[in-house]
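Labels below follow one simple rule: chain letters A, B, ... track the order of the sequence lines, proteins then strands, and each chain is numbered from 1.
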There are 2 protein chains.
Amino acid sequence: MGVLEKRAKRKEEFRREILDSAREIFIHDGYDGFSMRKLAEKIDYSPTTIYNYFKNKDDLLFAICEEFLANFFDELNHIRSVSPDPVETLRKAFLSLIEFGLKNPNQYKVIFFTKSSVYGTHEEFVQSESMARNVYFTFKEMVQACIKAGRFREMDEDVITQALAITSHGLVTLTLYRPDHLKGKSDVTARSLVDAILRGYQK
Amino acid sequence: MGVLEKRAKRKEEFRREILDSAREIFIHDGYDGFSMRKLAEKIDYSPTTIYNYFKNKDDLLFAICEEFLANFFDELNHIRSVSPDPVETLRKAFLSLIEFGLKNPNQYKVIFFTKSSVYGTHEEFVQSESMARNVYFTFKEMVQACIKAGRFREMDEDVITQALAITSHGLVTLTLYRPDHLKGKSDVTARSLVDAILRGYQK
DNA sequence: ATATGTAATTAACACTGTTAATATAACTAT
DNA sequence: ATAGTTATATTAACAGTGTTAATTACATAT
């Protein structure tokens, strides 16, 4: 292994180390408790060192988002592989996304708060290799499967997919930011809502 | 008019002046462009003076939320007064909320970002005289009207109301924070989504 | 005129993200 | 081994943020 590769590897490892520490801060102190300086202190380096591994804070947050979504992407594919009925698959995937958001509030906040600019326009988003894109397209494929199986009314797939994304997003963010409003009954409301919307799109 | 009343009146007037300036900053510079120091400069006072009229930044933001929601509350009652069919009333109210959010992005962000603590627990929220409460209960009454008219399946009213709130919230926030994602087709998606969910809850 | 209470200000604290300039360490070529 | 080069880490600083304690200016009441 050449020296250049060794350096690159070491750099990649350090990047990982920073990322792990950053995630720990998020889990431990929440989104508001995170700062570049705090992260620097945790990894025992000066704050400016981080900037040798990440362009800026947004870049760091984006990397964390990607990790988070990569985990969910795996779960999504697992659901698809074990569930035969397309509508049930979609329902499970749907509820899983909601559960994932509610169980990882701080990571979800990172995704939500991270500037939309990092994903670029819709075209750039579609052509990107981001995990957000992968998750979106997996959902879209699930919707397409429902239409193809004749279970859904024939509509624009993107509209339906986005409607589902919107619904889960609304539920998660409202629960995270107005926790008392649903009186801890998020799961009941979630099921009711998922039922209603799937019924609404079914034939 | 006594001196004390005069002082109270003057204080109330100044409070209003601060509030108006704050709203102007939000409209002009957006949520991220707002700061207490900028507001102070605009009203030609030192930053600390604001703290004689508002407990802190959150308190100020809350006041702006209330104003914003008061306007929407009026529109909601207008819709109710002119629309005879309960389901159509709900649909219009629903779409109106979404439109209101999309047309006033910065004010909507204020509502969303303002710490949930200002509304307290659900019980405190219900007993409060906040505009958020009024809007919520108006929506709930509309849902009840649909159930009473035998148009909706008999379910917990709160669950349905919250489901509607969640959906509009999701649509608005996703459009505001991932604008390119819906490719400016928010209105199409909104109508489709509202259609689907109302169909889902109808008999 | 003096005392009282309110309102506004200055200065400061403890933070934030980020950058330019500088020092240090590591590797390359002579 | 030494000199030159490059990558990495650090210090100091900038321009902000919300907020508070201490202090001054001012209008009112005695």
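- The distance between atom CG of B:Asp44 and atom C1' of C:dT9, rounded to the nearest whole Å, is 14 Å.
- The side chain of A:Phe14 approaches D:dA9 more closely than any other nucleotide in the set D:dA9, D:dT19, D:dT11.
- Taking the six-membered ring for Trp and the full ring otherwise, the centers of B:Phe68 and B:Phe100 sit less than 6.0 Å from each other.
- For B:Ser35, the side-chain atoms get nearest to D:dG18 when compared with the rest of D:dG18, D:dA9, D:dT19.
- For the pair A:Arg15 CZ and D:dT8 P, the interatomic distance rounds to 13 Å; values are reported in whole Å.
- Whole-Å rounding puts the A:Met36 CE to D:dT17 P distance at 20 Å.
- Atom CG in A:Asp32 sits roughly 14 Å away from atom P in D:dG18 (whole-Å rounding).
- Between the side chain of A:Asp59 and the backbone N or O of A:Phe54 there is no donor-acceptor pair closer than 3.5 Å.
- The CD1 atom of A:Ile18 sits 12 Å away from the C1' atom of D:dT8 (whole-angstrom rounding).
- The closest side-chain donor-acceptor pair between B:Asp158 and B:Tyr136 falls under 3.5 angstrom.
- Under the 3.5 Å distance criterion, with hydrogens and angles disregarded, a donor-acceptor pair is assigned to the side chains of A:Ser192 and B:Tyr201.
- In this structure, A:Tyr51 reaches the bases: a heavy-atom distance under 4.0 Å links it to at least one base atom across the strands shown.
- Of the listed nucleotides (D:dT19, D:dT20, D:dA13), D:dT20 has the atom at the smallest distance from the side chain of B:Thr48.
- Side-chain nitrogen and oxygen atoms of A:Tyr45 include none within less than 4.0 Å of the OP1 or OP2 phosphate oxygen of D:dT8.
- Taking atom NZ of residue B:Lys57 and atom C1' of nucleotide D:dT19, one finds them 12 Å apart after rounding to whole Å.
- At a threshold of 4.0 angstrom between heavy atoms, the contacts of A:Phe54 with the nucleic acid are absent.
- Protein atom CD of B:Glu41 is 14 Å distant from nucleotide atom C1' of D:dT17, rounded to whole Å.
- Comparing A:Lys38 and A:Lys55 by the nucleotide of DNA chain C that holds the closest heavy atom to each, the one mapping nearer the 5' end is A:Lys38.
- Of the listed nucleotides (C:dA8, D:dA9, D:dA21), D:dA9 has the atom at the smallest distance from the side chain of A:Tyr53.
- Which of C:dA7, D:dA9, D:dT19 sits closest to the side chain of B:Arg37 comes down to D:dT19.
- Set against C:dT10, D:dT11, C:dG17, the side chain of A:Ser46 has D:dT11 as its closest nucleotide.
- Between the P atom of C:dT19 and the CG atom of A:Asn56 lies a distance of 7 Å, rounded to the nearest Å.
- In this structure, A:Tyr53 has its ring center at least 6.0 angstrom away from the ring center of A:Tyr45.
- Between B:Lys11 and C:dA7 there is a side-chain N or O to OP1 or OP2 distance below 4.0 Å.
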